[in-house]
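Okay, structure first, notes after.
The first residue of the sequence shown is numbered 1, and numbering continues consecutively from there. Fair warning: this is a prediction, and the values are worked out from it, not measured in the lab.
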Amino acid sequence: MQLYTKILIGLVAGAVLGLTANLLELVWLRDFFIAIEPIGTAFIRLITMVVVPLVAASLLIGTASLGDLRKLGRIGGKTVTYYMATTAVAVTIGLLISNVVKPGSRIEPETRDSLATAFEEQAGRAIEMAAERPSVVETLLNMIPTNPIQAAAEMDLLPLIVFTILFGAALTLVDQDRKRAVLQVAEGVNQTVMVMIDWIMRLAPYAVFALIAAVVARFGLDLLQSLVFYALAVAGGLLLHAAITYGSVLRFLVGINPATFLRRIIEAPLVAFSTSSSNATLPVTMEVAEEKVGISNSVSSFVLPLGATINMDGTALYQAVATMFIAQIYGVGLTIGDQLTVVLTATLASIGAAGVPSAGIIILILVLNSVGLGGHAAAGIALILGVDRILDMLRTAVNVTGDLTAASFVARTEGEELVPRPVDHPVAMRP
Ligand code: ASP
C-alpha cells in the first residue's frame, strides 16, 4: 500500500472516530484521543527538526549549481510575481464568495454576542501579539540576518534563505577544490536528511490519526453549527481557488493534468492539513516536488522555502472572508474601494504570516485595521476563533498546494520536463 493511502486512512479513521466520540459524548474515548495527541505532536517536532538543515543544504546546492546569479534573479522575479498574483486572485475569490453568501448576515445577534464573550480572552491575546509585530521597514530589514546561526536557531526562514543564497553565490567564485568540498558536505547533508524524512514519514499515518482524532473529538460542534455559513464560505472559496486557479495554471501553463498532479503531491497537502503548518510540512513538500513531480533542485530549493514563508493563498482568502464576515455582522458596509484595500492588505499581510498554526488570525488584525474595522477586531476575532483550527487546516493545505503549483510553473518556464524521479534511498529500510 502506498504511503499516501495509509495517511488518508489515518485521516479518515481519526475524523470518523473523533466525531463518534464527540457526537455520542463518549468521554472515555474523547479522553483517550486527547491522551494520544502527543504522538502527533512528536511527529510534528520530528519533521520540523529537519527543516533547517534541509533548507540550508538544499538551497546551497541549488544556488551553487545555478552558477549564474542572473538566472537566480530571473527565477526570483518570476516566483515573487507569481506568488503575489495568485494571492490577489485568492483574496478576490474570498471577497466574491462573501458578497454572494453573506455569511455575516445569517447569524443571530444573541449567538454573536455569546460567541464573542466565550473567546474574549483568546482574542485579546491575538491582539496583543499583533501589536508586538514589527513595522514594514523592520520586517524588510529583518530579512538580513545579523547572525545566520541565530536565524537558523529561531527557524527564521527568510533571513536564512538570504544568507544561504549569498553564500552559495559567493561559493561559485572560490577555488574549484574548495567549492567541491563544501558542496560535497551539503550534498551529504541533503541526502541524509532525505533518508530521515523517509523514516519520519513512516509515522505519518499514526500521527495524522492522533492529530485529527484529538482535534475532532475536542471540537465544539455547536460552534460549527452557528458559524456554518462562514465556515462554508471559507471552505468553498478555498476549493474554488484550488480547482480554478491552480487547475488552470497546471493545465494551461504547466501542461499537466491537475488530477495527476494532485495524486503525485497528495502527501504534502495531507500533512499540511493535519499539522496546520506550512513550515512543518516543508520537508515533505520539498521531497514530493523533487521525487514525485520531478522539479529540479535548483528551482524547488528556492521556490518552496520562500513559498512556505511568503506565499499563503489560503490564508489571504480566509482573511478576505473573515473581514467581510465581521463587517457584515456589525453592519459596517465595505465599499468597492474598501474591498480593493482588502485585496492589497490581505495579499501583503499574508506575506508576513509565518507558516505556523494560527498565524493567519494575528495578521487578520492588520487587514481589519486597514478598512476601519479595528474597533471590532477583538470581538470579531473572538467570534471566529472557535472554528479557526479546522479552517487553519484547510487553508494550510491550500497554501502548500499553491507552493507546489508555483514551483511546477517556474520549473516549466525554465524549460524543465516534469517527470517523476523516484529515488530509492538504499538505507531507508534499515533505520
Ligand atoms: N497555518 C498556516 C500555514 O502554516 C498559516 C495560517 O493561515 O494561519 O500556512
Side-chain angles (χ1 to χ4, degrees), residues 41 44-45 47-48 51-52 55 83-84 86-87 90-91 94 119 122-136 138-140 142-143 151 154-161 211 215 234 237-238 241 268-269 271-283 285 304-323 326 342 345-370 377-378 380-382 384-403:
T41 314
I44 296 181
R45 294 184 67 108
I47 196 91
T48 309
V51 168
V52 168
V55 170
Y83 278 159
M84 295 288 205
T86 48
T87 307
V91 181
F119 288 92
Q122 268 170 285
R125 274 202 297 277
I127 304 263
E128 273 167 31
M129 284 169 82
E132 284 162 15
R133 286 193 56 76
S135 68
V136 176
E138 276 168 348
T139 308
L140 290 173
N142 285 346
M143 285 169 61
E154 287 169 2
M155 232 181 86
D156 224 344
L157 291 183
L158 271 186
L160 185 65
I161 291 172
L211 288 168
V215 168
V234 175
L238 292 173
H241 184 59
V271 171
F273 180 81
S274 315
T275 59
S276 291
S277 168
S278 304
N279 280 5
T281 312
L282 190 53
T285 318
L304 294 172
L306 194 67
T309 334
I310 71 165
N311 182 46
M312 306 225 170
D313 292 358
T315 303
L317 187 150
Y318 141 86
Q319 283 169 348
V321 180
T323 304
I326 293 171
V342 173
T345 45
T347 305
L348 294 177
S350 72
I351 297 176
V356 297
S358 303
I361 203 110
I362 297 162
I363 297 295
L364 174 62
I365 296 163
L366 300 182
V367 184
L368 291 174
N369 281 335
S370 75
I381 284 177
I384 55 174
L385 263 180
V387 289
D388 197 59
R389 178 61 205 244
I390 299 272
L391 299 180
D392 196 0
M393 293 157 87
L394 290 170
R395 61 187 193 242
T396 310
V398 171
N399 290 345
V400 165
T401 307
D403 297 342

Evaluate the side-chain hydrogen bond (donor to acceptor under 3.5 Å, both in side chains) criterion for residues Ser278 and Asp403: first the C-alpha distance (whole Å), next the side-chain angles of each, then the deciding distance (0.1 Å), finally the verdict.
CA-CA 10 Å; Ser278 304; Asp403 297 342; 5.2 Å; no

Is the shortest heavy-atom distance from the side chain of [X] to the side chain of [Y] under 4.5 Å?
X      : Y      : result
Asn142 : Asp156 : no
Arg395 : Val234 : no
Met312 : Thr396 : no
Leu348 : Met84  : yes
Val91  : Gln319 : no
Leu282 : Leu157 : yes
Met143 : Ile161 : no
Thr323 : Leu368 : yes

Would you find a donor on one side and an acceptor on the other, under 3.5 Å apart, between the side chain of [X] and the backbone of [Y]?
X      : Y      : answer
Ser276 : Ala272 : no
Thr309 : Leu158 : no
Asn399 : Gly314 : yes

Donor-acceptor contacts, no H, no angles, side chain residues 356-364, under 3.5 Å, sequence neighbours left out:
none

